[in-house]
Amino acid sequence: MSVETIKPAVQNKGPKEPLFSPGNKKLLKDPLNNSNPITVQVLGICSALAVTVQMKPSIVMALSVVVVTAFSNLAISSIRNIIPDRIRIIVQLVIVAALVILVDQVLKAFFYDVSKQLSVFVGLIITNCIVMGRLEAFAMGNKPWPSFLDGIGNGLGYGLILVVVSAVRELFGSGKLMGFQVVPDFFYKNGYFNNGFTILPPMALIIVGVIIWIQRSKNPKLIESD
Amino acid sequence: MEYINIFVKAVFIENMIFAYFLGMCSYLAISKTVKNAVGLGIAVIFVLAVSVPVCYLLENYVLKAGAMSWLSADFANVDLGFLSFIMYIAIIAAIVQLVEMVVEKFAPALYAALGIFLPLIAVNCSILGGALFMQEREYATLGEATVFAFGSGVGWFIAIVAIAAIREKIRYSNVPAPLKGLGITFIITGLMGIAFMSFMGIEL
């Protein structure tokens with residue numbers, strides 16, 4: 001969890017602020033690029049890498065995280081003024097755990113195969129640093145609606161990286177996208193081979209490293225000084 | 001023999017960091033110096049080795065389908081499996097608190113060295129991950145679960161100390177600016193993961 005997560009609270013000008021005011025839109029859009037939870041805030045890397053062998057599980061995972069971050073942000077933000085400061089971590093964990101149990105039961109009921117593939121990583125959303133990080137950094141100090149948007153934005157930013165990484169891995173690793181073959185048979189007949197290396201876990205790290213490289217060369221403001 | 005097998009498997013082959021990426025957040029954040037990395041690593045070993053066996057007992061005597069039949073035959077059909085996440089995280093948070101207090105009382109030097117890392121471990125994915133893997137793999141005895149937990153902790157320790165040592169040295173190298181810090185750490189971790197893959201398939 002890095003220091004950069006502490007964002008200044010959004011100023012709400014009076015009660016009549018429109019639902020999608022520029023400030024609120026910024027909350028949604030920023031995490032997709034300039035404050036992406038994975039590549040910039042360094043949150044939630046644990047699960048991001050392990051579920052990205054194929055696109056389908058990673059999309060399901062991304063949606064689950066969006067749901068959990070959005071609703072836990074909303075819930076915590078609505079009761080932020082009555083949570084005693086000393087036990088706030090436990091309160092946050094209980095709310096997050098309850099939401100994750102809901103998501104897990106829904107996945108088990110309707111997407112059993114995917115839920116088997118994700119194995120422990122659905123449960124690990126509880127300790128996913130994105131959720132806790134956003135609760136601490138944003139929901140504890142802001143109104144419910146902006147917190148809800150912030151949750152959706154950060155969940156989507158996480159999902160974006162997940163989908164990009166899994167698309168690269170599935171395309172080069174097994175020549176498919178979403179389970180459908182993309183690389184034509186003709187290629188294989190002429191000596192094209194799937195790069196089995198991209199399916200292995202270490203490649204996920206290297207792909208994320210390269211994504212960070214590309215993002216930071218485009219946006220030099222994000223380069224670490226050190 | 002079975003124990004050694006589980007231990008080696010947990011340390012090298014199914015390493016928490018290189019094979020499952022668990023605990024990556026603190027792994028990236030606290031690996032700037034070797035000293036801190038050693039402190040956090042020891043704390044993780046400790047908490048894993050204490051909390052996973054407790055979760056094991058809870059799983060097998062309370063939560064699993066029919067696990068409560070030792071109370072009375074009426075409970076034979078009760079399945080509390082869906083509660084496992086919330087129970088595990090509560091246990092882990094409680095044990096981290098407990099460990100913190102015990103260490104503070106009996107080993108003040110270690111407590112000062114670990115500092116802020118102890119409470120942070122409650123949200124380290126590798127602890128909950130260890131508990132959930134224990135549940136998924138259904139270890140036969142308490143001993144096996146403990147050895148697995150200890151081995152995972154040792155594997156995590158090795159990984160974070162190794163990357164911290166590399167990061168201390170890499171500060172003096174000429175890394176491309178956009179890759180500095182986070183980017184190069186990811187790529188090095190990937191390369192280390194490839195090295196660790198050479199342990200695959202070893203059976204003792």
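Just so it is clear: chains get the letters A, B, ... in the order the sequence lines come, proteins before strands, and each one is counted from 1. The shown structure was predicted, so the numbers you read here are calculated from the model rather than taken from an experiment.
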Residue among Val100(A), Leu200(A), Val94(A) with most heavy-atom pairs under 4.5 Å to chain B:
Leu200(A)
What part of [X] gets within 4.5 angstrom of chain A, counting heavy atoms only: side chain, backbone, both, or neither?
{"X": "Ala93(B)", "result": "side chain"}
{"X": "Leu28(B)", "result": "side chain"}
{"X": "Met192(B)", "result": "neither"}

Plane angle bin for Phe18(B) and Phe196(B) - parallel if under 30°, tilted between 30 and 60°, otherwise perpendicular:
tilted
Compute the centroid of each ring, for Phe148(B) and then for Tyr139(B), and state whether the two points are separated by less than 6.0 Å.
yes
Run the ring-centre check on Phe148(A) versus Phe71(A) and record whether the distance is less than 6.0 Å.
yes
Is the backbone of Gly151(A) close enough, under 3.5 Å, to the side chain of Arg134(A) for a donor and an acceptor to pair up by distance?
no
